[in-house]
S.K.: 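The structure that follows is given in the form of structure tokens.
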Amino acid sequence: QVQLVESGGGLVQAGGSLRLSCAASGRTGSTYTMAWFRQPPGKEREFVAATTWTGDSTKEADSVKGRFTISRDNAKNTVYLQMNSLKPEDTAVYYCAARTIAVLTTTPTGYRYWGQGTQVTVSS
């Protein structure tokens with residue numbers, strides 16, 4: 001079992017920045033792939049970014065490319081999502097997810113473990 005806890009969400013003005021953190025505990029290991037998804041109000045959950053635990057492969061959604069960066073600190077078992085140049089359309093609940101396969105996937109069903117989510121609200 002793996003437990004994921006997100007933090008760092010909040011209210012920010014358009015153009016601002018936030019950094020989300022996802023702390024993993026339990027049976028963590030180098031084979032885990034970590035990802036961020038988000039669910040805007042009234043919409044389906046969508047892929048944001050993912051990284052292998054070693055960091056040798058990362059992927060970001062086209063909608064956030066150049067603005068969001070995923071990174072990880074293996075010593076702290078923590079994955080980060082640095083969000084810059086935030087837009088009102090980035091408003092959503094952001095979820096951290098993990099899978100036991102060291103291959104990136106953008107599909108929510110490919111992830112077994114999920115955090116509780118953290119709200120990000122971007123005002124115009």
Side-chain angles (χ1 to χ4, degrees):
Q1 287 289 345
V2 175
Q3 293 78 44
L4 304 173
V5 178
E6 303 100 332
S7 61
L11 173 64
V12 64
Q13 289 188 333
S17 298
L18 282 174
R19 188 177 79 157
L20 304 183
S21 300
C22 173
S25 61
R27 296 185 62 183
T28 59
S30 61
T31 58
Y32 281 75
T33 296
M34 305 292 294
W36 288 96
F37 288 80
R38 66 186 182 185
Q39 189 161 13
K43 297 184 179 181
E44 293 185 352
R45 195 167 297 190
E46 62 185 30
F47 172 77
V48 176
T51 180
T52 53
W53 198 246
T54 58
D56 60 349
S57 182
T58 63
K59 182 177 179 63
E60 294 85 22
D62 289 343
S63 59
V64 306
K65 199 167 293 184
R67 299 188 298 123
F68 292 10
T69 303
I70 189 170
S71 62
R72 82 279 178 263
D73 185 332
N74 291 345
K76 296 181 178 179
N77 285 333
T78 299
V79 174
Y80 304 98
L81 184 68
Q82 178 66 44
M83 305 186 295
N84 299 326
S85 301
L86 283 161
K87 305 175 181 180
E89 51 263 44
D90 294 319
T91 294
V93 178
Y94 282 72
Y95 296 91
C96 178
R99 68 198 301 248
T100 58
I101 302 172
V103 175
L104 300 183
T105 181
T106 62
T107 305
T109 55
Y111 291 83
R112 179 176 181 181
Y113 303 104
W114 291 85
Q116 82 288 351
T118 184
Q119 177 70 46
V120 171
T121 303
V122 184
S123 63
S124 57

S.K.: Among all residues two or more places apart in sequence or in another chain, which pass the salt bridge (Lys or Arg N to Asp or Glu O under 4.0 Å) test with Glu89?
M.R.: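 With sequence neighbours excluded, Glu89 shows a salt bridge (Lys or Arg N to Asp or Glu O under 4.0 Å) to no residue whatsoever.
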S.K.: Looking only at heavy atoms, which two atoms of Gln1 and Gln3 are closest? And how far apart?
M.R.: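 Looks like CB-NE2, 3.7 Å.
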S.K.: Sequence neighbours excluded and cut-off under 3.5 Å, please list the side-chain donor-acceptor pairs for residues 102-115, or say none.
M.R.:
residue	atom	partner	partner atom	Å
Thr105	OG1	Thr107	N	3.4
Tyr111	OH	Thr105	O	2.6
Trp114	NE1	Tyr111	O	3.2

S.K.: Is there a side-chain contact between Thr33 and Thr51 (heavy atoms, below 4.5 Å)?
M.R.: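 Thr33 does not reach Thr51 side chain to side chain.
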S.K.: Would you say the side chain of Thr118 lies within less than 4.5 Å of the side chain of Val93, judging by non-hydrogen atoms?
M.R.: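 Side chain of Val93 against side chain of Thr118, heavy atoms only: no contact under 4.5 Å found.
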S.K.: To check you understand the geometry: which heavy-atom pair defines the closest contact between Val48 and Val64, and what is its length?
M.R.: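 Looks like O-CG2, 3.6 Å.
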S.K.: Tell me if the centroids of the rings in Phe37 and Tyr95 come within less than 6.0 Å of each other.
M.R.: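 No - the distance between ring centres of Phe37 and Tyr95 does not fall below the 6.0 Å cut-off.
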S.K.: What residue pairs, at least two apart or across chains, pass disulfide bond (SG atoms under 2.5 Å apart) with a residue in residues 92-124?
M.R.: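 Pairs touching residues 92-124 that pass the test: Cys22-Cys96.
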S.K.: Show every disulfide bond (SG atoms under 2.5 Å apart) that has at least one partner inside residues 37-94, sequence neighbours left out.
M.R.: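 Non-adjacent pairs meeting disulfide bond (SG atoms under 2.5 Å apart): zero.
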S.K.: Keeping to residues at least two apart or across chains, list the disulfide bond (SG atoms under 2.5 Å apart) pairs with something in residues 64-93.
M.R.: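 Matches after skipping sequence neighbours: none remain.
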S.K.: Any heavy-atom pair between the side chains of Val122 and Lys87 that's under 4.5 Å?
M.R.: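 No; the side chains remain at least 4.5 Å from each other.
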S.K.: Report yes or no: do Tyr80 and Arg19 form a side-chain donor-acceptor pair below 3.5 Å?
M.R.: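 Absent: no donor and acceptor within the cut-off.
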S.K.: Which heavy atom of Leu4 sits nearest to which heavy atom of Ala24, and what is that distance?
M.R.: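 Minimum heavy-atom separation between Leu4 and Ala24: CD2-CB, 3.7 Å.
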S.K.: Looking at side-chain heavy atoms only, is the closest gap between Phe47 and Lys59 below 4.5 Å?
M.R.: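 Yes, at least one pair of side-chain atoms sits under 4.5 Å.
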S.K.: Enumerate the salt bridge (charged side-chain N to carboxylate O under 4.0 Å, His left out) contacts for residues 64-73, please, sequence neighbours excluded, ordered by first and then second residue.
M.R.: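 Listed by first then second residue: Asp62-Lys65, Arg67-Asp90.
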S.K.: Nearest 0.5 Å, what's the CG-CZ distance between Asn84 and Phe68?
M.R.: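 Nearest 0.5 Å value for the CG-CZ distance: 8.5 Å.
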